[in-house]
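Quick notes on the structure that follows.
Predicted model only: the values in this text are computed from it and were never measured.
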Amino acid sequence: MAMASTSAAVVLQGLSTPFVSGSRTLLNATIGGRSSAVSSRRLIVVAAAAPKKSWLPGVRGGGNLVDPEWLDGSLPGDYGFDPLGLGKDPAFLKWYREAELIHGRWAMAAVVGIFVGQAWSGVPWFEAGADPGAIAPFSFGTLLGTQLLLMGWVESKRWVDFFNPDSQSVEWATPWSRTAENFANATGEQGYPGGKFFDPLGLAGTIKDGEYVPDFEKLERLKLAEIKHARIAMLAMLIFYFEAGQGKTPLGALGL
């Protein structure tokens with residue numbers, strides 16, 4: 001009988017799952033008239049911090065050239081590339097990311113416009129404005145002045161909003177409603193306003209009871225995809241400029 005009790009105690013001690021023992025339960029077993037307390041074991045899992053991604057993953061060392069200490073990998077697309085140390089100041093780093101994002105978005109739109117425009121009209125993109133067949137109901141001076149005025153107004157508002165977030169929402173009429181909430185920052189993150197106006201397809205959120213609810217898991221994936229495509233587009237535009245200097249076009253370089 002004593003041997004059976006001892007065996008049972010050993011078996012119960014080995015079964016240290018929460019179902020058998022619980023996280024804080026003591027199993028009291030009587031072995032040969034003596035009372036012994038068998039405390040349950042605890043499984044402690046320590047999550048290791050994800051390593052920083054590097055733009056030179058095969059290189060170890062290299063100091064701040066390969067692994068800058070001021071970049072912690074928290075920004076989307078942060079692979080530790082800052083050889084000039086432009087992001088040492090956190091305030092400048094925030095502004096440079098904003099500038100990269102805006103320039104990248106313009107570059108993505110420009111790349112699509114260059115390919116589609118030339119494929120449609122047959123006119124090189126760097127000659128489109130001077131082409132006699134171009135649709136231009138206004139003079140060049142009028143177009144330039146209008147663009148500077150409108151772009152200056154939009155960019156000035158973006159500049160103010162950068163330093164004072166959510167200060168530039170206005171009562172504009174929209175297809176959805178006449179409230180300024182459509183132009184407010186629905187995600188709370190700089191450069192990613194979301195909402196009914198800036199995310200009409202609901203790629204990074206859903207509309208519930210008339211309110212935009214961001215999906216931050218989707219938003220993080222889209223932020224990474226966007227910055228990658230933006231960087232490729234900026235490099236593409238740089239190549240287009242060099243090609244234009246030689247009188248070539250992207251479609252011409254591809255033999256199309």
Distance from [X] atom [atom1] to [Y] atom [atom2], nearest 0.5 Å?
X      : Y      : atom1 : atom2 : value
Phe126 : Glu243 : CZ    : CD    : 9.0 Å
Asp89  : Trp95  : CG    : CH2   : 14.0 Å
Leu65  : Phe81  : CG    : CZ    : 8.5 Å
Met151 : Thr146 : CE    : OG1   : 13.0 Å

Within the structure provided, determine whether [X] and [Y] are in side-chain contact (heavy-atom separation under 4.5 Å).
X      : Y      : result
His103 : Arg231 : no
Asp82  : Leu93  : no
Pro193 : Thr187 : no
Leu254 : Phe115 : yes
Pro214 : Leu219 : no
Ile207 : Val213 : no
Met108 : Met234 : no

- Message: Using a 3.5 Å distance criterion without hydrogens, assess whether the side chain of Asp215 forms a donor-acceptor pair with backbone atoms of Gly205.
- Response: no
I need the minimum non-hydrogen distance between [X] and [Y], along with the two atoms involved.
X      : Y      : answer
Gly210 : Lys196 : O-NZ, 2.7 Å
Leu224 : Tyr79  : CD1-OH, 4.4 Å
Leu222 : Ala204 : CD1-CB, 3.8 Å
Pro76  : Ile227 : O-CG2, 3.8 Å
Gly73  : Asp78  : N-OD2, 2.8 Å
Ala186 : Tyr212 : CB-CD2, 3.5 Å

Tell me whether [X] is salt-bridged to [Y], with the criterion being a basic N under 4.0 Å from an acidic carboxylate O.
X      : Y      : result
Glu98  : Lys94  : no
Lys208 : Glu211 : no
Glu69  : Lys88  : no
Glu226 : Lys223 : no

- Query: Should the pair Phe240 and Trp125 be assigned to parallel (<30°), tilted (30 to 60°) or perpendicular (>60°) ring geometry?
  - Reply: tilted
Does [atom1] belonging to [X] count more than 12 external heavy atoms closer than 6.0 Å?
X      : atom1 : result
Phe242 : CZ    : no
Trp106 : CH2   : no
Phe92  : CZ    : no

- Between Arg105 and Tyr192, is NZ or CZ placed under 6.0 angstrom from the six-membered ring centre and within 45° of the ring axis? yes
- Message: Using the rule given for side chain to side chain donor-acceptor pair (under 3.5 Å), can you reason through Thr249 versus Gln118, listing the C-alpha separation, both sets of side-chain angles and the distance that settles it, and then say yes or no?
- Response: CA-CA 9 Å; Thr249 65; Gln118 184 177 354; 3.0 Å; yes
- Item | Same cluster (ILVMFWY, side-chain, under 4.5 Å), Trp70 and Leu84 | no
- Message: Side-chain heavy atoms nearer than 4.5 Å, only ILVMFWY residues, links allowed to pass through others: does that put Phe162 and Trp159 together?
- Response: yes
- When you look at Leu203 and Lys218, which way does the side chain to side chain contact (heavy atoms under 4.5 Å, CB included) test go after all the steps? CA-CA 8 Å; Leu203 299 178; Lys218 290 182 179 179; over 6 Å; no
